[in-house]
Protein chains: 2
Amino acid sequence: MNLKELSSLLGLSQTTVSRALNGYPEVSEKTRARVIQAAEAHAYSPNTRAQGLATGHSKCIGHVISVSDSAEMVNPIFGDFMAGAGETYSAHGFDMMVTRVGAEDEADTYRNLKARGAVDGIVVHAPRRNDSRMALLDKIGLPYVVHGRSTGVTTPYSWLDVNNTRAFSEATSYLVGLGHKRIALINGQETMDFAIRRRSGYESSLRFAGLTIDPALMSTGEMTEAYGYDQANMMLDVDTPPTAFLVASIICAAGIRRALDERGLRVGKGVSIVTFDDCLSYFANGGDRPVFTAWQSSVREAGATLAEMLIHRIRAPRAPHDTKLWEAAFVEGTSTGPAPGTSKD
Amino acid sequence: MNLKELSSLLGLSQTTVSRALNGYPEVSEKTRARVIQAAEAHAYSPNTRAQGLATGHSKCIGHVISVSDSAEMVNPIFGDFMAGAGETYSAHGFDMMVTRVGAEDEADTYRNLKARGAVDGIVVHAPRRNDSRMALLDKIGLPYVVHGRSTGVTTPYSWLDVNNTRAFSEATSYLVGLGHKRIALINGQETMDFAIRRRSGYESSLRFAGLTIDPALMSTGEMTEAYGYDQANMMLDVDTPPTAFLVASIICAAGIRRALDERGLRVGKGVSIVTFDDCLSYFANGGDRPVFTAWQSSVREAGATLAEMLIHRIRAPRAPHDTKLWEAAFVEGTSTGPAPGTSKD
DNA sequence: CACATTTGTCAAAGCGCTTTGGAATGCCGC
DNA sequence: GCGGCATTCCAAAGCGCTTTGACAAATGTG
């Protein structure tokens, strides 16, 4: 069923039917009701491509997932982020397109998406320090919002970020307060801006506490379970091993827990773990008995909110940029306790 | 830059330019080269919507993620599956659209996707027993492939599935061979066909071994880490607790491991764990020292292959249906060992 | 009751592409 | 020198929708 068929069926012109369905005032409420009823009865939905051609909008948002050779991993937060964003999109009648692309082709992908008119806007994921994507997108005129921020980019843009510096600084102080002096940082890849921020929060709290910043206790890599396991084992094998781990992802924290368990170290007694928690739906860490002491922020809500921001941006491209800095919430779990040998102990 | 501009720039008609770019033979190689070069120089990409309107194809594949109230979880395999499929799509010039929808609106979404001409085909995820989606899609004439199978659906369709029955039957026999007599099954939600298959594999091996099938040792639910943890704890609290766990997902297995560790039970010694492993990129269980003894099959490869199958299907809708039954691969990890009290022990 | 407005509807153009059905052009052999 | 045949190109129609500009019909005004 298309417009032509529907309108001839109703004995009306295509114009009138189109206007009736799109809520234009030039049509009487009586005909509008008749049209809407007929449209529903025949399950008519306007052809997306034709509509897009005529209006110049695609009503579609792009998500570009770039996969570098060094980071073949699929980010575990991906699913939850999409779920959140998808909810917002469908509420607003937008489609969601996801493109997987090698990191080296990312810029071309954006240009192509724009040239083809495939999307009305995009979400920029995992911004790096001095990320060049914002300038590119500004240049080609494709609306966007950023999940995170990019230090070094001075032109304004819309973003939503978690206060990572603060979260990691507080987490470090929290461990210091428990008497820990050897605190390891198992960080994400420090090509990403948020990972750099996390480290700086960690370092500043160590400095404030008068503790030495030991490169041997800091590592950066893909946040997999295996990575956490490996790093924990390596660090525990040295002379003065850490008594606490500060971790960038709950997946990674699970790996660390495994290493500790295997060594017979009691998590929360001998060794403490604090982690950042993205509130992944399949790895819950909340309710009445959180496993890990954590600073948490829902990536799913971030997805929903960023989607909302982007849609606003598309509707009002000249509106001032919107920025949101969310504070992570503290949850005390059972994975932390006083450092061994502390007076309290 | 659009076709009209490009062609007037070249002093050619739109027809010729279009044909040159689309590889039609009616244009001389000399002009073709000239056209291609100009197209690249001006970064021309045909407008997706216009192209789609003219050809009647959208060059886009849909993935519908339905979220029921009972299953709010985002499936952790989602990301990896998409990554695999996305790779194939971009290699073939297809876009990928994902729609998140409440389970009750799933049928409408398919109809709508078809009516709007938004996609050329879709991937059906997580088929249930007697799944009605295949009949619906056949009826509305939307090409599709199924990730999994649906017992009870008799009309042919294209699918790719892992031999879940076999994997779980073998896994059970393996545990039986190690002397285990109380083997728990921590299954996924048994609304899904694959979960039913897994249980039946498990039950048939128990029956074959002359062991009793104890409902107290079988549970079904969303495969989260917390679910594994909870179920393990519950089952270990009864009179004759299981000495082995057979688990449907590595995420869930991680939760079971946590419960065991917490109770001071040594995984692979006192209690064994065997799991199905989807080879998630952030939760690797392989290489030289696999953590879990597992039957594994890469969901990422499944995504890539299903995408390939679907594209074939779209190109040749009348071709006979393609079906692929993959065998899961056995990996021996450190999570299994002889049952306590066994002669070997 | 003639005229100016408003209201409800329509025909047609246009969005950017593909594709059908010609129409030139060049080259061949006789 | 002319018909026949490739070869190379083009004009125009059409995909299904929105939107402009125009036009009847209904309403209001003096």
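As a basis for the values below, the full set of heavy atoms in this structure was taken, side chains included, without hydrogen atoms, waters or symmetry mates. Just so you know, these numbers come straight off a predicted model, no measurement behind them.
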Remember a base hit wins even if backbone is also touched, and classify [X] as base, sugar-phosphate or nothing at under 4.0 Å, heavy atoms.
| X | result |
| --- | --- |
| B/T55 | sugar-phosphate |
| A/E26 | base |
| A/T15 | base |

Has [X] got a side-chain N or O lying under 4.0 Å from the OP1 or OP2 atom of [N]?
| X | N | value |
| --- | --- | --- |
| A/Y24 | C/dT7 | no |
| A/Q51 | D/dT18 | yes |
| A/N47 | D/dC15 | no |
| B/S13 | D/dA11 | no |

**Prompt:** When B/S158 is tested against each of B/H312, B/H321, B/M134 for side chain to side chain contact (heavy atoms under 4.5 Å, CB included), which residue passes?
**Reply:** B/H321
**Prompt:** Roughly how many Å is it from CZ in B/R49 to P in C/dG14, rounded to a whole number?
**Reply:** 19 Å
**Asked** With distance as the sole test, does B/S7 use its side chain to make a donor-acceptor pair with the main-chain N or O of B/K4 at under 3.5 Å?
**Response** yes
**Message:** Under 4.0 Å, heavy atom to any atom of DNA chain D: which of residues 108-122 of chain B qualify?
**Reply:** none
**Message:** Checking side-chain polar atoms at under 3.5 Å, does B/N75 have a donor or acceptor matched by the opposite partner on A/Y282?
**Reply:** no
**Message:** Do B/V74 and A/R300 have side chains that approach each other closer than 4.5 Å (heavy atoms only, starting at C-beta)?
**Reply:** yes
**Prompt:** Which residue, B/L53 or B/T31, contacts DNA chain D at a nucleotide closer to its 5' end, judged by nearest heavy atom?
**Reply:** B/T31
**Item:** Which residue lies more 5' along DNA chain D, comparing B/T16 with A/N2 via nearest heavy atoms
**Value:** B/T16
**Asked** Does a side-chain N-to-carboxylate-O contact under 4.0 Å join A/D193 and A/R128?
**Response** no
**Message:** Heavy-atom count check: over 12 atoms from other residues, nucleotides or ligands less than 6.0 Å from B/Q37 CD?
**Reply:** no
**Request:** Please state whether the base of C/dT7 and the side chain of A/S28 form at least one donor-acceptor pair under 3.5 Å?
**Result:** no
**Message:** Given D/dC9, C/dC10, C/dC15, identify the nucleotide with an atom nearest to the side chain of A/L12.
**Reply:** C/dC10
**Fill in**
For nucleotides 22-28 of chain C, 5' to 3', base contacts (B), sugar-phosphate-only contacts (S) and non-contacts (-) with protein non-hydrogen atoms under 4.0 Å give -------
